[in-house]
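One structure follows; several queries about it will come next.
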Amino acid sequence: MSLLEVRDLHVWFELPNGTELHAVQGVSFDLDHGERLGLVGESGCGKTTTILALMGLFPPSVSVAGEVIVNGENILGKGESLIRDYRWKELAMVFQGAMNALNPLMTVGRQIVEPMELHGIASGAAARKRAGELLEMVGIAASGADRYPHEFSGGMRQRASIAMGLACQPKILLADEPTTALDVMVQAQILELLVGLSNELGLALILVTHDLPVVAQVCERAAVMYAGKIIENGTTEDLYHRPRHPYTRLLFATTPDLYDDDDVISIPGVPPRLDRQIVGCPFQPRCDSAFERCSSEQPALKSLDVGHSAACHLNDVPVSVTAKPESSPRNGQALDAVDGSDDGS
Ligand code: SF4
């Protein structure tokens with residue numbers, strides 16, 4: 001049994017005009033003890049919405065369906081009191097933009113102590129001592145507990161947010177773009193800290209980011225999201241060396257390479273609107289490998305190898321058929337790109 005099992009998760013937002021925006025559309029994945037999973041994709045693909053749903057942080061006006069199974073118990077739909085028991089104790093979150101996540105009117109130490117007291121983990125002097133220890137664990141002197149967030153640098157605020165996330169000794173930490181707006185050196189330190197904490201505490205980590213090199217540096221596995229769905233899921237090694245979806249391949253191709261003189265490329269177009277019904281593959285208007293079937297039939301996420309799945313019609317088509325130039329010239333190129341990088345494993 002996995003530590004966390006997410007099954008067929010859906011999130012709908014009601015828009016002012018009465019229509020619904022289907023932001024997360026049947027997301028499923030597992031997370032084991034101590035495992036580090038990257039949730040990757042462009043802005044608006046559903047990554048942050050997915051983890052906010054796992055934390056049960058949406059108001060009742062947002063519809064959430066599916067199963068979020070923690071230690072064998074489905075915590076979704078069981079009411080706020082059960083989710084409150086799990087939130088911070090089992091699953092904790094480091095929010096995007098540490099300055100926004102920290103209360104500017106409270107000392108950092110008070111903000112770490114508060115969830116401990118709320119969940120009965122510790123109180124009074126014991127909680128304050130633990131807050132100091134947590135700050136030291138993330139590389140800040142214990143005396144920093146008496147300071148206010150504005151007295152910290154951006155990197156220190158992010159470290160303090162991580163200390164807050166760890167206050168109730170969760171088994172799973174959800175980190176939403178934890179290095180956004182930090183300079184490269186501080187970014188590297190924060191990532192190193194997250195990996196170190198994960199190894200040291202056996203902490204499972206879900207890292208939400210649009211930055212693939214960050215995922216490659218931190219995570220063993222990654223799930224690529226597009227238009228509210230997971231479109232490829234596998235080890236970071238598989239996704240980097242053997243991508244089986246054109247979007248994953250293009251995401252890696254758009255990453256600038258310091259040692260390469262080639263122009264930086266971008267993926268043309270924008271993701272589809274999720275308040276409208278999508279016919280065919282959601283990536284079809286932007287895909288350099290699209291063929292006829294893509295505009296009428298939505299591809300399902302299918303298992304390709306052990307632990308590697310993708311949602312793309314190219315994976316159904318034998319190379320000998322798709323290579324026919326008269327049937328689909330661009331598709332032939334794409335299969336070379338996709339399958340040519342596959343070592344056949
Ligand atoms: Fe491209 Fe078609 Fe695959 Fe979608 S199903 S990613 S449009 S080749």
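Whatever order the structure lists ligands and atoms in, that order sets their numbers, starting from 1.
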**OP:** Number the atoms of ligand 1 from 1 as they appear, then name those within less than 4.0 Å of a heavy atom of Cys294, with their elements.
**Re:**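 Within the 4.0 Å cut-off of Cys294, ligand 1 contributes 2 (Fe), 5 (S), 7 (S), 8 (S).
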Original post:
If only atom types and distance count, is the side chain of Gln158 paired as donor or acceptor with the main-chain N or O of Gly155 below 3.5 Å?
Top reply: no
**OP:** Give the numbers and elements of all ligand 1 atoms closer than 4.0 Å to a heavy atom of Cys281.
**Re:**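 Within the 4.0 Å cut-off of Cys281, ligand 1 contributes 4 (Fe), 5 (S), 6 (S), 7 (S).
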Subject >> Part of Arg293 with heavy atoms under 4.0 Å of ligand 1, whether side chain, backbone, both or neither >> reply: neither
Original post:
For Glu5 and Phe29, what are the C-alpha separation, side-chain angles and deciding distance, and is it a side chain to side chain contact (heavy atoms under 4.5 Å, CB included)?
Top reply: CA-CA 6 Å; Glu5 298 167 46; Phe29 62 86; over 6 Å; no
**OP:** Confirm or rule out an N/O/S atom of Cys312, from backbone or side chain, lying less than 2.8 Å from atom 3 (Fe) of ligand 1.
**Re:** yes
Original post:
Under the 3.5 angstrom rule, does the side chain of Arg286 hit a backbone N or O of Pro268 as a donor-acceptor pair?
Top reply: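 Side chain of Arg286 to backbone of Pro268: a pair is present.
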**OP:** Please list all pairs passing the side-chain hydrogen bond (donor to acceptor under 3.5 Å, both in side chains) test where one or both residues lie in residues 43-56, with sequence neighbours left out.
**Re:**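 Residue pairs passing side-chain hydrogen bond (donor to acceptor under 3.5 Å, both in side chains), neighbours aside: Thr48-Asp176.
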**OP:** Tell me, please, if Cys287 has any N/O/S atom, main chain or side chain, under 2.8 Å from atom 1 (Fe) of ligand 1?
**Re:** yes
Subject >> Residue Ser289 vicinity, atoms of ligand 1 by number, heavy atom under 4.0 Å >> reply: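 Counting atoms of ligand 1 from 1, those under 4.0 Å from Ser289 are 8 (S).
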Original post:
Side chain of Glu90, backbone of Arg87: donor and acceptor closer than 3.5 Å?
Top reply: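 The answer is no, because no donor-acceptor pair under 3.5 Å joins these two groups.
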Original post:
Going by the order shown, which atoms of ligand 1 are within less than 4.0 Å of some heavy atom of Gln284?
Top reply: 7 (S)
Original post:
Using the ring of each side chain (for Trp, its six-membered ring), is His245 parallel, tilted or perpendicular to Tyr247, with breaks at 30° and 60°?
Top reply: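 His245 and Tyr247: perpendicular rings.
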**OP:** For Thr209 and Asp211, indicate whether the former's side chain and the latter's backbone hold a donor-acceptor pair under 3.5 Å.
**Re:**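 Such a contact is found between Thr209 side chain and Asp211 backbone.
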Original post:
Can you list the atoms of ligand 1 that are under 4.0 Å from a heavy atom of Leu314?
Top reply: 8 (S)
Original post:
Counting backbone and side chain alike, does His245 bring an N/O/S atom below 2.8 Å of atom 4 (Fe) of ligand 1?
Top reply: no
